[in-house]
2 protein chains.
Amino acid sequence: MTYGKLFAALADPTRRAIFERLAAREQSVAELARALPVSQPAISQHLKVLKEARLVRDAASGARRIYSIDPDGLWPLRQWLDRFWGDQLASFKVAAEREED
Amino acid sequence: MTYGKLFAALADPTRRAIFERLAAREQSVAELARALPVSQPAISQHLKVLKEARLVRDAASGARRIYSIDPDGLWPLRQWLDRFWGDQLASFKVAAEREED
DNA sequence: GACATTGATAAGTCATTGCTTACAATAAGC
DNA sequence: GCTTATTGTAAGCAATGACTTATCAATGTC
């Protein structure tokens, strides 16, 4: 479920572009909208998805809203990845975490 | 593009379940279909997506088709992840390396 | 050869998604 | 105060996605 939102958030190319821009430096919605070939509402909707996946954060700054990447956002992804990184060693890890879906 | 297929493949919970089962041990389509609460065609369709994302492989074995994890399948995911691991997340890496001493 | 098992594909359905334009609310600058 | 800039949300739409049942080709078994 959490993994689902995480992977789904990163599946969209526009959303990955947003994330990568924010990784370079934090910026406002309008700034992202100017840089990417979609409308401002599309950016807001993408940011909402990224925020629900805990990949980005936002902070008010006057009329603007500054978005930045959540430092801990990629940690679950790395955890998931590490479960399969040890080849055959991953077998028991998989069995151990089969509870959650 | 490639990343899109990769993330999209892992976004679906049924597909992750298939991948995790194959990580534990290779098995046939029918075996997956018996274990998971979806029909056999659904399994085949999911396997097609996973295969196009280079996450699984298949080999003929008589009338059956044995699917297994592609050993290199998760490498692009790790590459993508590592692009953002050195920035704001450097503290984790430092902590992990210090722990290995 | 007859029959069952396996697995891919076709066709259809229903929900979700990514986008648009339109609009409302808030803050800034004159 | 009035206008301009910024942002979120609503509504609508075309495309995609995840499933189903039906079907067919290929293999295994008696």
Side-chain angles (χ1 to χ4, degrees), chain A residues 1-22 25-70 100-101, chain B residues 1-22 25-70 73 77:
Chain A
M1 191 67 82
T2 304
Y3 285 133
K5 283 199 173 185
L6 186 55
F7 282 118
L10 294 172
D12 184 80
T14 302
R15 232 135 45 199
R16 283 200 308 280
I18 292 175
F19 183 81
E20 292 175 15
R21 280 194 137 259
L22 293 181
R25 64 178 172 81
E26 62 181 23
Q27 51 200 291
S28 69
V29 179
E31 210 166 351
L32 290 166
R34 275 182 235 113
L36 297 173
V38 291
S39 64
Q40 170 266 312
I43 298 290
S44 283
Q45 291 157 14
H46 282 310
L47 286 170
K48 187 179 182 180
V49 174
L50 288 169
K51 190 179 173 183
E52 285 174 356
R54 303 203 170 276
L55 283 167
V56 304
R57 298 178 160 209
D58 61 329
S61 173
R64 304 192 298 173
R65 191 153 274 268
I66 307 300
Y67 280 82
S68 57
I69 68 172
D70 189 324
E100 50 199 332
D101 211 26
Chain B
M1 192 74 76
T2 304
Y3 285 135
K5 283 198 173 186
L6 185 56
F7 281 118
L10 294 172
D12 183 78
T14 301
R15 232 137 46 201
R16 283 199 308 279
I18 292 175
F19 184 81
E20 293 176 14
R21 282 189 75 88
L22 294 180
R25 65 179 171 81
E26 62 180 23
Q27 52 201 289
S28 69
V29 178
E31 209 167 350
L32 290 166
R34 275 182 232 111
L36 297 173
V38 291
S39 65
Q40 172 267 312
I43 299 289
S44 283
Q45 290 158 16
H46 281 310
L47 285 170
K48 185 178 183 181
V49 174
L50 288 169
K51 190 178 173 183
E52 285 174 356
R54 302 203 170 274
L55 283 167
V56 303
R57 299 177 159 213
D58 61 327
S61 172
R64 304 194 296 172
R65 191 151 274 268
I66 306 300
Y67 279 82
S68 58
I69 285 198
D70 190 324
L77 185 59

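Just so we're on the same page: letters track the sequence lines, and every chain starts at 1.
- DNA chain C lies under 4.0 Å from at least one heavy atom of each of the following residues of residues 29-43 of chain B: B:V29, B:A30, B:R34, B:Q40, B:P41.
- Applying the side-chain hydrogen bond (donor to acceptor under 3.5 Å, both in side chains) rule to pairs touching residues 29-39 of chain B yields B:R25-B:E31, sequence neighbours excluded.
- The distance between atom CD1 of B:I66 and atom C1' of C:dG7, rounded to the nearest whole Å, is 12 Å.
- Checked against ring pair (Phe, Tyr, Trp, His ring centres under 6.0 Å), B:F7 has the following partners two or more places apart in sequence or in another chain: B:W80.
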In residues 8-15 of chain B, what donor-acceptor pairs under 3.5 Å come from side-chain atoms, sequence neighbours left out?
from, atom 1, to, atom 2, distance (Å)
B:D12, OD2, B:T14, N, 3.1
B:D12, OD2, B:R15, N, 3.1
B:R15, NE, B:A9, O, 3.0
B:R15, NH1, B:H46, ND1, 3.3
B:R15, NH2, B:A8, O, 3.0

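- Interatomic distance, B:Q40 CD to B:L47 CG, rounded to the nearest 0.5 Å: 9.5 Å.
- B:R65 meets the salt bridge (charged side-chain N to carboxylate O under 4.0 Å, His left out) test with B:D58; sequence neighbours excluded.
- From one end of the helix from C:dG1-D:dC30 to C:dC30-D:dG1 to the other, with five pairs defining each end axis, the axis direction shifts by 20° (rounded to 10°).
- A straight line from CG of A:L47 to C1' of C:dG18 spans 14 Å, rounded to a whole angstrom.
- By the side-chain contact (heavy atoms from CB on, under 4.5 Å) test, A:R64 pairs with A:S28, sequence neighbours left out.
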Short N/O separations, protein against nucleotides 25-30 of chain C, under 3.5 angstrom:
from, atom 1, to, atom 2, distance (Å)
C:dA27, O3', A:A63, N, 3.4

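- Scanning for side chain to side chain donor-acceptor pair (under 3.5 Å) contacts around A:R57 gives A:D70, with sequence neighbours left out.
- Residues A:I43 and A:A33 come closest through the heavy atom pair CG1-CA, 3.8 Å.
- Among residues two or more places apart in sequence or in another chain, the side chain to side chain donor-acceptor pair (under 3.5 Å) test is passed with B:E52 by none.
- Nucleotide C:dA8 holds its C1' atom 8 Å from the OH atom of B:Y67, rounded to whole Å.
- Residues passing the side-chain contact (heavy atoms from CB on, under 4.5 Å) test with B:I69, sequence neighbours excluded: B:F19, B:L22, B:A23.
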Where do N or O atoms of nucleotides 13-18 of chain D meet protein N or O atoms at under 3.5 Å, pair by pair?
from, atom 1, to, atom 2, distance (Å)
D:dA18, OP1, B:R15, NH2, 3.1
D:dA18, OP2, B:R15, NH1, 3.0

